[in-house]
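Below: the structure, in structure tokens.
Quantities reported herein were computed from a predicted structural model and do not represent experimental measurements. Below, all heavy atoms of this structure are taken into account, side chains as well, without hydrogens, waters or symmetry copies. Reminder, nothing fancy here: chain letters follow the sequence lines and each chain counts from 1.
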There are 2 protein chains.
Amino acid sequence: MARGKVQMKRIENPVHRQVTFSKRRAGLLKKAKELSVLCDAEIGLFIFSAHGKLYELATKGSMQGLIERYLKSTKGVGVAEVAKDTQALDPKEEINMLKNEIDVLQKGLRYIFIISDLSN
Amino acid sequence: MARGKVQMKRIENPVHRQVTFSKRRAGLLKKAKELSVLCDAEIGLFIFSAHGKLYELATKGSMQGLIERYLKSTKGVGVAEVAKDTQALDPKEEINMLKNEIDVLQKGLRYIFIISDLSN
DNA sequence: AACTATATATAAGA
DNA sequence: TCTTATATATAGTT
């Protein structure tokens, strides 16, 4: 977008591709933050580079919190918070809870998320 | 960024805020797609409007797939595929599996993801 | 929702 | 990297 238009396909030259990735990644993260602030939106963004390195942004709280919200929003139930701290529970109670979650699963829901501690 | 700079804070006028949200949301999604194509990156992006409406983009496969990859990448284990189809399992076996997953949890891992069917 | 004038992002070059 | 010419995004306006 500067000294020439760019074709919308994979940049073949690895050096150019890496440079463009760095610049545009920074631009994308900046735009996401701006949208969040200006319009009071919550945004989760994660980027895996071609070699698997992760870059991420969660505008409110944690990415885990946003993922939960996302799954809830898309799957109806999806995210079931079973226990804040499983280590504080009697194992039998936990198994019973898990059985209940299995029942939920068998009713056709696709995801159960067991979260031991959301706060850190 | 056009007929005047914008302050980086919440836009108070609801009409302006909504218009800006629509425009910038479209811009952000476009930029994310471009980065993905040009640089061969995988991107997961979700946006919740102030009133909870979800807008999303997953550049390869599904958002669920990207979320799994995200959790794996950040939590080491994070995502444990327990069964492709829980309905095909004997309940006792399933409880044993869940006990094993509890053991994993009690070793300090934070997330277990029970996925009944990844394929649809 | 369409139109510009401007601000910003960024491709190519150094 | 840093610079700079240009493409793109978008704020204010209609």
**Interatomic distance, R17(B) CZ vs dT10(D) P [rounded to whole Å]** = 18 Å
**Request:** Give the rounded distance in Å between these two atoms: CG of L35(A) and P of dA9(C).
**Result:** 14 Å
**Request:** Determine yes or no for a side-chain-to-main-chain donor-acceptor pair under 3.5 angstrom, with R17(B) supplying the side chain and E12(B) the backbone.
**Result:** yes
**Request:** Rounded off to whole Å, could you give me the CD-to-P distance for the Q18(A) and dA11(C) pair?
**Result:** 13 Å
**Request:** For H16(B) and dT14(D), give me the distance from atom NE2 to atom P, rounded to whole Å.
**Result:** 12 Å
**Prompt:** Can you hop from Y55(A) to L35(A) via hydrophobic side chains spaced under 4.5 Å?
**Reply:** yes
**Prompt:** Looking at T20(B), does any N or O in its side chain come under 4.0 Å of the phosphate oxygens OP1/OP2 on dT10(D)?
**Reply:** no
**Message:** Counting distance alone, no hydrogens or angles: does the base of dA9(D) have a donor or acceptor under 3.5 Å from a partner atom on the side chain of K23(B)?
**Reply:** no
**Request:** Measure from the side-chain N and O atoms of S36(A) to the backbone N and O of E42(A), and report whether any donor-acceptor pair falls under 3.5 Å.
**Result:** no
**Message:** Tell me whether L57(A) shares a hydrophobic cluster with M63(A), the cluster being built from Ile, Leu, Val, Met, Phe, Trp, Tyr side chains joined at under 4.5 Å.
**Reply:** no
**Prompt:** When we call it a touch if two heavy atoms are under 4.0 Å apart, what does K5(B) touch: a base, just sugar-phosphate, or nothing?
**Reply:** sugar-phosphate
**Over all atoms of both residues, closest heavy-atom pair of K33(A) and M8(B)** = O-CE, 4.4 Å
**Complete:** E34(B) CD to dA9(D) C1', in whole Å, measures 11 Å
**Message:** Without decimals, in angstroms, what is the distance between N13(A) CG and dA11(C) C1'?
**Reply:** 13 Å
**Message:** Can you tell me if K31(B) touches the phosphate of dT10(C), counting only side-chain N or O atoms and a distance under 4.0 Å to OP1 or OP2?
**Reply:** yes
**Asked** So does K30(A) get a side-chain nitrogen or oxygen closer than 4.0 Å to the phosphate oxygens (OP1/OP2) of dA9(C)?
**Response** yes
**Message:** Suppose we call a contact any N or O donor and acceptor under 3.5 Å apart; does that hold for the side chain of R3(B) and the base of dT4(C)?
**Reply:** yes
**Request:** Using whole Å, report how far CG of L38(B) lies from P of dA9(C).
**Result:** 17 Å
**Request:** Measure from CE on M8(B) to P on dT10(D) and round the result to the nearest Å.
**Result:** 12 Å
